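Below, chains carry the letters A, B, ... as their sequence lines are ordered, and counting in each starts from 1. Quick caveat, the model's predicted, so the values are computed rather than measured.
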Amino acid sequence: MILNAKHQIASLISKATSEDESLCFKSLEVAQEGHGDIASKIGFMLAKKMRMRPVQAAQEVAEKLKPHEWVKGVEVAGPYINFMLSDEFYAEAVMRILQDGKEYGRGNSGKRVIVESPSVNPNKPWHIGHLRNALLGDAVANLLQFRGDHVQRMDYIDDLGLQVAQSLWGYLNLDKEIEGKADHWIGHEYVKVAGMVEKDEVVKKSAEGILREMENGGNETAEKARWLAEECVKAQYETAFNYGNYENVLICESDIMREIFGEGIEKLKASGAVTHETSGPSKGCWVVKLSGKMRGMTEPDKILIRSNGTATYTGKDMIFHLWKFGKLKGGFRYSKFLEQPTDGTAYITSKKGKAMDFGKADLVVNVIGVEQKYPQEVIKHVLDVLGYTKEAENFVHLAYEHAWLPEAKFSGRKGTWVGHTADELAAEGKKRALEKVKTGIPEGERETVAEEVAIGAIRYAFLKIAPEKKLVFKWDEVLSLEGDSGPYLQYACVRARRILEKADFNEKVGAYGFNAEEKRLVKELAQFPMIMKNAAGKMKPHLVSDYLYSLSNVFSKFYTNNPVIKAEKEEEKKMRLAMVSAFNNVLSTGLGVLGVPVPDKM
RNA sequence: GGGCCCGUGGCGCAGUCUGGAUAGCGCGACUGCCUCCUAAGUAGUAGGUCGAGGGUUCGAAUCCCUCCGGGCCCGCCA
């Protein structure tokens, strides 16, 4: 709605100045406190052209402005023109939100999008670094869905890694039975075996033998490895579900190798983009020549196929991306993996299964650590070389900085994740929240409330900071229940809902004179569509967090000083109820995108 | 050697893309506010050379250049 107001005002300025409407629009911003509602810096922009100083230019323009029902007043403040919006605008803004309901601010872009996340190796539980990836991926997927994209949440499972082979070696030779939660068990097993491998050449060779069998496929060891990997992923998904995450499809590396790799590599070879080296350091390899085309690298080539005929990680990923963009004829078959509590079935690539409509994306978003920036750029570059210019543009590496502990970085091999897994974080959060839950809440509901508060606090803590920011992990900050935190937003939402429960609300509201705090609230609400569109375009959930926090802040101030149910006049009560309902609508939608749950009470 | 990211009150951040009015917020510290819709709230006080220096501009935290500090990357690992 604030956009509509800006367009109206741009039109007024355009008529007054005969300047292009888009230029006038560009001069507008949502004003800060004390400078009206919408401010124009058109004075600066036209000063030179009009051969006067900005202050005079603003004065000239202001005098020629025609009235509009949404504009109550115009004030020239030095070089700025400040517009005060009318009660009619505010009333209409509130009604618009109520009419649109859940659809308010939603787009209809209709793009096919793949969001790849979190792609955690299937040999350990999620630690807080993986959690950051998963939450970012989930929130970005939600944001794009809100924009109207058709989103495939895709999880890449590296079931052919040495880590899985080593864990399997431990399973076969040491313990033979999974105890407790599979991801934790496998994680410990891996630490144990990795330690042995360092000292014991026989173990090392044995584990490497397992890896070879896995890569060859079609044997009992490979089946077993796949089974173990899936057990681990299922356990990791328990963690995911606890945090409210879900996936649509899991793509296993073993299936990439079996189903699409051959076609992909032939395509690359035939395209001429990949060449076979007959001399030099990369003799016998298939490489992409990058000399002079990519900055920041010493070696001019990137090897996709090694001289022994096997594929590098980048080689596999390259072909995976040809598939993601629908550039291969072949594809996968899928079978059901898990029924998810939040959003239906997750499918996994498999030998049998059925064909399904995954892939063929217009836009690919990879949520991957910043340390993989270079191989990701290689893929983007090769797409471009292959003539897939549009696809190269629509290949996005959403890089995030890692989260680590004050004392050390996480290492799967060394087991530094022990005591700092996403599971333990949720448990600790719940414990802390339980201490704060009001005694007035019945015993049976306290656990649920504490869980929702904890998950909300953690999700918000991760999502409120920009992904490129390093995150040195401190329990107290992530589990904060006050101030700029998840529970603050939940609390505002709960208070709003309680008011709505206690009062009869009829959407028909007559003419009304808004006070300053009411205007602030409505103005904030009216910016929601603009904020969401911007956040989706940039794929930055923290812009949503920021907005929702300041919205809740404005609501809290409104709440403190403006009684709703006990409002003095009937019109006042009606309009305030409408505002509270609009606030509840916007905040609930926004929290939904962030995946922050709202408890019934707190 | 080259490339990318970060540097904003004691601590943690937003704002930088798209330059504008006294640089916002949270934590921590201090002082107030619950006979009134949930005080996980709210009102206020103290605390800042926006890493440094130059440049562009009527105007720079924001754009350009140089430098400093921290991190990541430049593999026939993934």
Side-chain angles (χ1 to χ4, degrees), chain A residues 26-27 29 31-35 39 41 43-45 47-48 53-54 77-80 82 121 158 160-163 253 277 281-287 294-299 301-317 369-375 377 399 401-402 433 436-438 440-441 453 457 461 464-472 474 476-477 480-492 494-496 498-503 538 542-543 545-547 549-550 552-553 556-557 559-567 576-577 580 601-602:
Chain A
K26 229 181 139 184
S27 82
E29 57 196 48
Q32 35 185 304
E33 284 301 300
H35 297 292
K41 51 190 181 190
F44 286 118
M45 295 163 85
K48 240 178 210 151
R53 283 187 310 229
Y80 295 89
N82 298 331
N121 276 333
D158 181 7
L160 289 184
L162 182 62
Q163 300 100 322
E253 181 168 326
E277 292 294 282
S282 309
K283 188 177 173 184
C285 298
W286 289 85
V287 306
M294 272 188 54
R295 299 190 303 171
M297 55 178 305
T298 325
E299 283 300 313
D301 306 337
K302 180 69 204 173
I303 294 165
L304 299 185
I305 305 291
R306 303 184 186 100
S307 54
N308 68 5
T310 59
T312 61
Y313 167 77
T314 306
K316 293 173 194 171
D317 212 21
V370 66
E371 74 281 357
Q372 288 196 39
K373 184 138 197 152
Y374 165 64
E377 269 175 22
E401 270 289 354
H402 277 235
K436 277 210 97 171
V437 173
K438 291 214 165 51
I441 293 175
V453 167
K464 79 172 177 175
I465 75 168
E468 65 270 17
K469 221 86 168 186
K470 294 177 202 43
L471 199 152
V472 176
K474 309 215 176 74
D476 282 335
E477 284 166 18
S480 165
L481 309 178
E482 275 150 34
D484 184 8
S485 69
Y488 180 93
L489 307 193
Q490 293 173 322
Y491 187 62
V494 167
R495 294 212 286 190
R498 189 51 42 85
I499 292 175
L500 295 170
E501 272 171 30
K502 288 186 177 176
K538 291 177 182 167
H542 79 275
L543 299 176
S545 311
D546 272 2
Y547 166 76
Y549 177 68
S550 72
S552 299
N553 198 248
S556 293
K557 292 181 211 299
Y559 181 95
T560 305
N561 300 321
N562 300 274
V564 178
I565 294 170
K566 290 175 184 166
R576 285 181 182 168
L577 272 171
V580 172
K601 329 182 165 111
M602 63 187 285

Once you apply the 3.5 Å cut-off to both distances, tell me the Watson-Crick or G-U wobble partner of [N], or none.
| N | result |
| --- | --- |
| B:U38 | none |
| B:U31 | B:A43 |
| B:G1 | B:C74 |
| B:C17 | none |

What's the [atom1]-[atom2] distance between [X] and [N], to the nearest Å?
| X | N | atom1 | atom2 | value |
| --- | --- | --- | --- | --- |
| A:Asp484 | B:C11 | CG | C1' | 15 Å |
| A:Ile565 | B:U38 | CD1 | P | 7 Å |
| A:Tyr549 | B:G12 | OH | P | 18 Å |
| A:Arg306 | B:C76 | CZ | C1' | 6 Å |
| A:Lys601 | B:U38 | NZ | P | 12 Å |
| A:Glu482 | B:G28 | CD | P | 7 Å |
| A:Glu371 | B:C73 | CD | C1' | 9 Å |
| A:Glu377 | B:G75 | CD | P | 14 Å |

Is [X] side chain donor-acceptor paired with the [N] base, going by distance under 3.5 Å alone?
| X | N | result |
| --- | --- | --- |
| A:Ser307 | B:C76 | yes |
| A:Lys438 | B:U38 | yes |
| A:Asn561 | B:A43 | no |

Looking for any heavy atom pair under 4.0 Å, which part of the strands does [X] touch: base, sugar-phosphate only, or nothing?
| X | value |
| --- | --- |
| A:Lys502 | sugar-phosphate |
| A:Tyr488 | sugar-phosphate |
| A:Val453 | base |
| A:Arg495 | sugar-phosphate |
| A:Asp317 | nothing |
| A:Pro375 | base |

Which one, [options], comes nearest to the side chain of [X]?
| X | options | result |
| --- | --- | --- |
| A:Pro487 | B:G15, B:A78, B:A40 | B:A40 |
| A:Lys538 | B:A40, B:A78, B:C17 | B:C17 |
| A:Val370 | B:A40, B:U42, B:C72 | B:C72 |
| A:Asn82 | B:A78, B:A21, B:A40 | B:A21 |

- Message: Go nucleotide by nucleotide along RNA chain B from the 5' end; which of A:Thr560 and A:Thr314 gets its closest nucleotide reached first?
- Response: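 It is A:Thr560, whose closest nucleotide lies nearer the 5' terminus.
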- Are the side chain of A:Thr312 and the backbone N or O of A:Ile303 linked by a donor-acceptor pair below 3.5 Å?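 Yes.
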Can a side chain N or O of [X] be found less than 4.0 Å away from OP1 or OP2 on [N]?
| X | N | answer |
| --- | --- | --- |
| A:Gln32 | B:A21 | yes |
| A:Lys557 | B:A43 | yes |
| A:Asn553 | B:U42 | yes |

Distance between [atom1] atoms of [N] and [M] (Å, rounded):
| N | M | atom1 | value |
| --- | --- | --- | --- |
| B:C17 | B:A61 | C1' | 14 Å |
| B:G15 | B:C25 | C1' | 11 Å |
| B:U62 | B:U56 | P | 15 Å |
| B:G32 | B:A46 | C1' | 15 Å |
| B:U31 | B:G71 | C1' | 42 Å |
| B:U45 | B:C27 | P | 16 Å |
| B:G70 | B:G24 | C1' | 25 Å |
| B:G9 | B:A23 | P | 14 Å |

- Rounded to the nearest 0.5 Å, what's the gap from CD on A:Glu401 to CD1 on A:Ile465? Could you check?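 Atom-to-atom, A:Glu401:CD and A:Ile465:CD1 are 10.0 Å apart.
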- Item | Worked check of side chain to side chain contact (heavy atoms under 4.5 Å, CB included) between A:Asp158 and A:Tyr313 | CA-CA 10 Å; A:Asp158 181 7; A:Tyr313 167 77; over 6 Å; no
- Message: Whether the A:Asn553 and A:Lys557 side chains hold a donor-acceptor pair (N or O, under 3.5 Å, no angle test) is what I'd like checked.
- Response: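 There is such a pair (donor and acceptor under 3.5 Å, judged by atom type) between the side chains of A:Asn553 and A:Lys557.
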- Item | Worked verdict on A:Val370 versus A:Glu468 for side chain to side chain contact (heavy atoms under 4.5 Å, CB included) | CA-CA 8 Å; A:Val370 66; A:Glu468 65 270 17; over 6 Å; no
- For B:C34, does the O4'-C1'-N9-C4 (purine) or O4'-C1'-N1-C2 (pyrimidine) torsion place it in syn, i.e. within 90° of 0, or in anti?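 The base of B:C34 is oriented syn (glycosidic angle within 90° of 0).
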